[in-house]
Structure formats: structure tokens, C-alpha cells
Amino acid sequence: MIDNDIIEDIKSKADIVSIISQYTDTTKKGRNYWAVCPFHQDTSPSMSVSPDKNIYKCFVCGAGGNVFTFVQEYKKISFVEVAQSIGYDMSKLGSLKVKPVDKKAEALFEMNKDAMNYFKTILKTTEGIKAKQYLDGRKIFEDEINEYNIGYASNSGLCNFLEKKGYPLQMIIAGGLAGEKEGEVYDNFRNRIIFPILDINGKVLGFSGRTLNQDSKFAKYINTKETYVFKKKEILYNINNAIQDIRKSKKLYICEGFTDVITLSRCGVKKVVAAMGTAI
């Protein structure tokens with residue numbers, strides 16, 4: 001049983017508006033904030049968030065509660081994991097079971113996030129012109145490029161960028177972003193449109209790259225090799241965006257390709273994911 005004083009202590013330290021804003025946009029109106037409710041098919045802001053009372057309430061579906069109930073319902077995690085996710089001093093929870101932070105995984109997530117931002121930046125440069133032309137041809141424009149964090153890998157540059165950010169070369173190789181042959185280090189993704197693969201919590205597990213080279217000797221798609229965090233048989237592309245609609249409807253559509261996911265989502269089918277090849 002968790003002591004009520006601990007519950008109140010966590011509530012007092014948790015900014016409910018800041019936390020809910022991580023999952024859905026909030027807009028201040030008067031004393032409260034309003035947001036599109038993530039717990040039903042909301043089309044206009046119907047959920048009120050009160051910073052004074054530290055509670056939220058949807059006036060359509062009835063969902064409501066405090067910061068704990070919101071995060072627990074949204075992410076389907078335990079009270080202890082909620083406390084951990086909002087940065088609470090876990091030593092105050094005493095003997096309660098706390099999931100230890102996996103520092104190795106977190107380091108890879110951070111490196112992959114930096115790599116994702118690098119790829120996104122390169123897409124917007126002159127090096128990314130052909131990639132943008134391909135995406136335009138598939139009717140994937142700026143808003144969807146940003147929504148799905150699509151980027152471009154040129155023939156070189158990522159490895160140097162990550163080393164300058166302070167990542168050790170062996171970590172870059174172990175994370176599947178670079179390879180080494182006869183003492184030469186090279187970027188694994190070269191001249192490819194990059195689709196980042198995120199987990200259910202939005203952490204970057206790895207990447208899939210679609211070649212722009214017309215030569216048939218180049219594989220159409222290559223993925224991050226199996227790493228500590230990237231395991232193809234456990235991964236579904238777009239699960240981070242689709243999870244709430246999947247939970248609400250208890251259904252999902254599985255596609256073969258990433259662009260299929262984007263096209264269906266554009267048409268209003270949000271509970272859609274793609275398998276990472278036959279590994280599923």
C-alpha cells in the first residue's frame with residue numbers, strides 16, 4: 001500500500017499541464033487549459049485541465065482524474081512507473097519495486113535521436129533534393145515529413161557528426177549506424193530516405209532506409225541491424241502514433257510498407273502499422 005503522503009507529495013511536484021502537454025496539445029482559456037481528449041475520437045478540444053486543482057476532465061467521454069490516472073490510462077503503466085516517468089525521487093518510495101533505468105538502452109535511444117535529427121536536417125539541404133523529389137512523387141509533403149520524422153542519409157557525414165557529439169566510435173558501430181571494413185569506418189545508411197522506427201513511448205529504436213539508387217544490386221530497403229534495442233520481430237512501424245486508436249478500437253491494420261501507413265493515416269485510418277519485413 002502506498003502512503004497517502006507520498007501520493008500527495010508526487011501530485012504537488014507534478015505539473016499536470018506540462019505532463020498532459022507531452023501527449024496532446026493544450027491551449028489556455030481563462031484559468032484552465034483545453035485539449036483534444038486522447039481517450040475518444042475527439043474532433044475539438046473537450047478536455048479541461050485545471051492547474052489549480054491538478055485534475056483533468058473530458059466533458060464528452062467522461063474521462064477524468066489527476067496526473068496519475070492520466071498517465072496510467074494513456075501509457076498503461078503502474079503507479080510506480082508514473083512516478084518514475086515524471087522524475088520523482090524514487091528513493092522516497094522505499095521498498096516499492098522500481099524498474100531500474102537501463103542506461104545502455106537510454107544511451108542508444110539518445111544517440112538514435114541525434115541521428116534522426118541529423119537525417120531530418122540533411123533532407124532540407126541541397127543534398128536532399130532528390131529525396132524530396134521522390135517524396136513529392138509519393139505525395140508525402142512537409143507536414144507528413146515532419147510528423148513521421150522522415151530524413152535523408154547522404155553518402156557520408158553521420159559518423160563524423162555523432163563523434164563530434166561525443167559518441168564513441170564503437171558505440172556508433174554497435175548501434176548499427178556505422179560499419180567497419182579493413183580498418184575503414186563507413187556510414188551504414190547511404191543515399192537513402194530514412195524512416196525512423198520509434199517504440200510505443202516515442203523513443204528511437206533504429207531506422208529503415210529506402211535507396212534512391214536505381215541499380216538493382218542495391219537493396220531497396222535496409223534496416224538497422226539487430227542491436228540491444230532494435231529487434232525486428234518485436235517492432236511495428238508507427239506504433240507510437242497508432243497505439244491510442246488501437247487500444248480504443250481493439251483493432252489494427254498491418255501494412256507491408258511505410259508509405260502505405262502514411263497514406264492510410266492520411267485517409268483517416270489511424271490504427272495502422274507496418275511490419276518490419278517477415279521477421280514478425
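Computed over heavy atoms, backbone and side chain alike; hydrogens, waters and symmetry mates excluded.
- Between Tyr221 and Phe195, the two ring planes are tilted [angle within 30° to 60°].
- Phe119 and Phe141 fall into different hydrophobic clusters, where Ile, Leu, Val, Met, Phe, Trp and Tyr are joined by side-chain heavy atoms under 4.5 Å apart, directly or via other members.
- The shortest non-hydrogen separation linking Cys255 to Val272 is SG-CG2, 3.5 Å.
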Show, in sequence, the C-alpha distance, side-chain angles and deciding distance for Lys57 and Phe59, and conclude whether the side chain to side chain contact (heavy atoms under 4.5 Å, CB included) test is met. CA-CA 6 Å; Lys57 175 70 176 179; Phe59 292 93; 4.0 Å; yes
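- Here CG of Leu264 is found 10.0 Å from CG of Asn238. Values are rounded to the nearest 0.5 Å.
- Here the SG-CD distance, from Cys159 to Glu180, works out to 9.5 Å after rounding to the nearest 0.5 Å.
- Taking the ring centroids of Phe207 and Phe230, they lie at or beyond the 6.0 Å cut-off.
- A 6.0 Å sphere centred on NZ of Lys165 holds no more than 12 heavy atoms belonging to other residues, nucleotides or ligands.
- Asn188 places a side-chain N or O within donor-acceptor distance of the main-chain N or O of Ala178, the cut-off being under 3.5 Å.
- For the side-chain hydrogen bond (donor to acceptor under 3.5 Å, both in side chains) test with Thr26, the passing option among Ser21, Ser18, Ser48 is Ser21; the others fail.
- Judged purely by distance below 3.5 Å, without hydrogens or angles, the side chains of Asn191 and Tyr152 pair a donor atom with an acceptor atom.
- For the residue pair Ser208 / Asn223, a side-chain donor-acceptor distance below 3.5 Å is found, with atom types taken as modelled.
- To the nearest 0.5 Å, atoms CD (Glu234) and CD1 (Ile239) are separated by 13.0 Å.
- Using a cutoff of 4.0 Å between basic side-chain nitrogens and carboxylate oxygens, Lys139 and Glu144 are not scored as salt-bridged.
- Within 6.0 Å of atom NZ in Lys113, 12 or fewer heavy atoms from other residues, nucleotides or ligands are found, so the atom counts as exposed in its surroundings.
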Evaluation steps, side chain to side chain contact (heavy atoms under 4.5 Å, CB included), between Tyr237 and Val261: CA-CA 8 Å; Tyr237 176 73; Val261 167; 4.1 Å; yes
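- Judged purely by atom type and a 3.5 angstrom limit, Asp42 uses its side chain to pair as donor or acceptor with the backbone of Cys37.
- Considering Ile262, Ile193, Leu123 as possible partners of Ile145, the one that fulfils the side chain to side chain contact (heavy atoms under 4.5 Å, CB included) test is Leu123.
- Without hydrogens or angle criteria, Asp199 side chain to Gly202 main chain gives a donor-acceptor distance under 3.5 Å.
- No continuous path of hydrophobic side-chain contacts links Leu135 to Ile129 [ILVMFWY only; heavy atoms under 4.5 Å].
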If you apply the rule side chain to side chain contact (heavy atoms under 4.5 Å, CB included), what do you find for Asn155 with Phe189, and how did you get there? CA-CA 8 Å; Asn155 283 317; Phe189 294 98; over 6 Å; no
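- Of all the heavy atoms in Ala107 and Met171, the pair that sits closest is O-CE, 3.3 Å.
- Side-chain atoms of Asp260 come within 3.5 Å of backbone N or O of Gly257 as a donor-acceptor pair.
- At least one donor-acceptor pair closer than 3.5 Å links the side chain of Asp187 to the backbone N or O of Gly157.
- Lys270 and Asn241 share no donor-acceptor pair across their side chains, judged by distance under 3.5 Å alone.
- The pair Glu142-Lys132 counts as a salt bridge, with a side-chain nitrogen and a carboxylate oxygen less than 4.0 angstrom apart.
- For CZ of Phe161, the number of neighbouring non-hydrogen atoms (other residues, nucleotides, ligands) closer than 6.0 Å is greater than 12.
- Contact detail for Ala174 and Lys225: the closest heavy-atom pair is O-CE, 4.1 Å.
- Between Phe39 atom CZ and Glu73 atom CD the span is 5.5 Å, to the nearest 0.5 Å.
- Both Ile140 and Val269 are part of a single hydrophobic cluster, where members link through side-chain heavy atoms under 4.5 Å apart.
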Step by step, work out the side chain to side chain contact (heavy atoms under 4.5 Å, CB included) result for Arg210 and Phe258. CA-CA 10 Å; Arg210 202 266 188 210; Phe258 306 140; over 6 Å; no
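- Here the straight-line distance linking atom OG1 of Thr224 with atom CG of Leu205 works out to 9.0 Å at 0.5 Å rounding.
- Of all non-hydrogen atoms in Trp34 and Pro45, the two that sit nearest each other are CE3-O, 4.0 Å.
- Taking each heavy atom of Leu198 and Asn149 in turn, the nearest pair found is CD2-ND2, 4.4 Å.
- Atoms CG and NZ, from Asn112 and Lys203 in turn, are 12.0 Å apart once rounded to the nearest 0.5 Å.
- In this structure, the side chain of Arg31 does not engage the main chain of Pro51 through any donor-acceptor pair within 3.5 Å.
- Judged purely by atom type and a 3.5 angstrom limit, Asn240 has no side-chain atom pairing as donor or acceptor with the backbone of Asn201.
- Around CZ of Arg266, the count of heavy atoms belonging to other residues, nucleotides or ligands within 6.0 Å exceeds 12.
- A donor-acceptor contact shorter than 3.5 Å links the side chain of Asp15 to the backbone of Val17.
- Taken together through direct or relayed side-chain contacts under 4.5 Å among Ile, Leu, Val, Met, Phe, Trp and Tyr, Ile173 and Tyr118 form parts of separate hydrophobic clusters.
- Within a 6.0 Å radius of CG in Asn213, more than 12 heavy atoms belonging to other residues, nucleotides or ligands are found.
- Using modelled atom types and a 3.5 Å distance limit, the side chains of Asn66 and Tyr56 yield no donor-acceptor pair.
- Taking every heavy atom of both residues into account, Val60 and Ser46 meet most closely at CG2-CB, 3.6 Å.
- Under a 3.5 Å cut-off, the side chain of Asp102 and the backbone N or O of Lys104 do form a donor-acceptor pair.
- Cluster annotation: Val204 and Ile222 are assigned to the same hydrophobic cluster (Ile/Leu/Val/Met/Phe/Trp/Tyr, side-chain heavy-atom contacts under 4.5 Å, transitive).
- In terms of modelled atom types and a separation under 3.5 Å, the side chain of Glu163 and the main chain of Leu169 share no donor-acceptor contact.
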